[in-house]
Amino acid sequence: QVQLVESGGGLVQSGGSLRLSCAAPESIFGIYSMGWYRQAPGKQRELVAEDISNSAPNYADSVKGRFTISRDNAKNTVYLQMNSLQPEDTAVYYCNADIRDLVLYGVYWGQGTQVTVSS
């Protein structure tokens with residue numbers, strides 16, 4: 001099994017910034033993509049950003065220009081820098097990893113971290 005460890009959530013005022021991190025075990029190879037999803041109260045989980053190996057990252061239209069995803073391959077860690085946060089960004093943010101290792105092939109999820117943006 002693969003455990004994704006998330007951190008960095010919290011309470012921030014409108015216009016502020018947060019940086020989320022999500023770490024997979026460093027011993028794992030073959031991580032095709034890592035990304036971030038979020039789920040606001042009463043809404044479906046949606047893709048926020050994803051980092052795909054050897055490809056440009058994808059972003060939800062609502063966060064383009066404000067959020068930046070990056071990945072440290074040596075640490076198997078993905079980050080989400082969130083700037084100009086707005087109340088509509090309030091949600092639980094979940095890390096995701098698509099692993100295509102021959103042994104651990106599958107999709108894995110983190111526990112989620114709460115991001116709350118006050119108006």
Side-chain angles (χ1 to χ4, degrees):
Q1 65 276 29
V2 176
Q3 182 180 6
L4 306 180
V5 180
E6 300 183 30
S7 64
L11 175 65
V12 66
Q13 292 181 320
S14 180
S17 298
L18 286 173
R19 190 190 191 205
L20 307 182
S21 65
C22 172
E26 294 184 18
S27 60
I28 297 176
F29 294 91
I31 298 181
Y32 172 71
S33 68
M34 298 186 75
W36 293 94
Y37 290 68
R38 67 185 181 187
Q39 188 167 19
K43 301 186 68 176
Q44 292 181 302
R45 188 174 299 185
E46 65 175 351
L47 174 69
V48 177
E50 62 178 352
D51 181 271
I52 304 171
S53 296
N54 300 315
S55 299
N58 294 323
Y59 295 95
D61 288 340
S62 60
V63 307
K64 284 184 177 180
R66 299 189 296 122
F67 292 9
T68 302
I69 189 170
S70 61
R71 199 206 308 190
D72 184 336
N73 291 323
K75 296 182 178 180
N76 270 352
T77 300
V78 66
Y79 305 92
L80 185 67
Q81 179 66 46
M82 304 184 294
N83 298 325
S84 301
L85 284 162
Q86 301 298 313
E88 52 265 36
D89 296 315
T90 295
V92 178
Y93 285 69
Y94 297 91
C95 178
N96 168 275
D98 183 350
I99 299 176
R100 300 188 179 183
D101 181 88
L102 291 177
V103 178
L104 298 174
Y105 195 98
V107 177
Y108 300 87
W109 293 89
Q111 295 293 308
T113 184
Q114 177 70 48
V115 171
T116 302
V117 184
S118 62
S119 60

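Here Arg38 pairs with Glu46 in a salt bridge; the nearest charged N to carboxylate O distance falls below 4.0 Å.
Closest of all the heavy-atom pairs between Val48 and Tyr37 is CG2-C, 3.9 Å. When all heavy atoms of Gln13 and Ser118 are compared, the closest pair comes out as CA-OG, 3.4 Å. Residues Ala24 and Leu4 come closest through the heavy atom pair CB-CD2, 3.6 Å.
Between Ile28 atom CD1 and Asn76 atom CG the span is 6.5 Å, to the nearest 0.5 Å. For the atom pair CG of Asp51 and CG of Asp98, the computed distance is 12.0 Å after rounding to the nearest 0.5 Å. Note that the CZ atom of Phe29 and the CG atom of Leu104 stand 12.0 Å from one another [nearest 0.5 Å].
A donor-acceptor pair is defined here as one N or O able to donate and one able to accept, closer than 3.5 Å; no such pair exists between the side chain of Glu50 and the backbone of Ser33. With Glu6 contributing its side chain and Gly112 its backbone, the two residues share a donor-acceptor pair below 3.5 Å. At distances below 3.5 Å, not a single donor-acceptor pair connects side-chain atoms of Asn96 with backbone N or O atoms of Gly35. A distance-only check finds no donor-acceptor pair linking the side chain of Asp89 to the backbone of Val117 [under 3.5 Å].
Here the side chains of Val2 and Pro25 are in contact, with some heavy-atom distance below 4.5 Å. Between Arg71 and Ser53, the closest side-chain pair of non-hydrogen atoms falls below 4.5 Å. Inter-residue side-chain proximity for Leu11 and Gln114 is flagged as unmet; no heavy-atom pair is nearer than 4.5 Å. Two residues are said to be in side-chain contact when any heavy atoms from C-beta on lie closer than 4.5 Å; Cys95 and Trp36 meet this criterion. Using a 4.5 Å heavy-atom threshold, the side chains of Tyr59 and Thr68 count as touching. Between Met82 and Val12, the closest side-chain pair of non-hydrogen atoms is not below 4.5 Å.
With hydrophobic clusters built from ILVMFWY side chains whose heavy atoms lie under 4.5 angstrom apart, Tyr79 does not share a cluster with Tyr108. Cluster membership for Tyr94 and Met34, using ILVMFWY side-chain heavy atoms within less than 4.5 angstrom, is not shared. The hydrophobic cluster containing Val92 also contains Val107, counting ILVMFWY residues as joined when their side-chain heavy atoms lie under 4.5 angstrom apart, directly or transitively.
Geometrically, Arg100 engages Tyr32 in a cation-pi contact defined by less than 6.0 Å to the ring centre and at most 45° from the axis.
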Under 3.5 Å, sequence neighbours excluded: what are the donor-acceptor pairs made by side chains of residues 14-21?
from  : atom 1 : to    : atom 2 : distance (Å)
Ser14 : OG     : Gln86 : OE1    : 3.3
Ser17 : OG     : Asn83 : OD1    : 2.9
Ser21 : OG     : Ser7  : OG     : 2.7

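Between Phe67 and Tyr93, the angle of the ring planes lies from 30° to 60°, which puts this pair in the tilted group.
No more than 12 heavy atoms of other residues, nucleotides or ligands shown are found within 6.0 angstrom of CD on Gln111.
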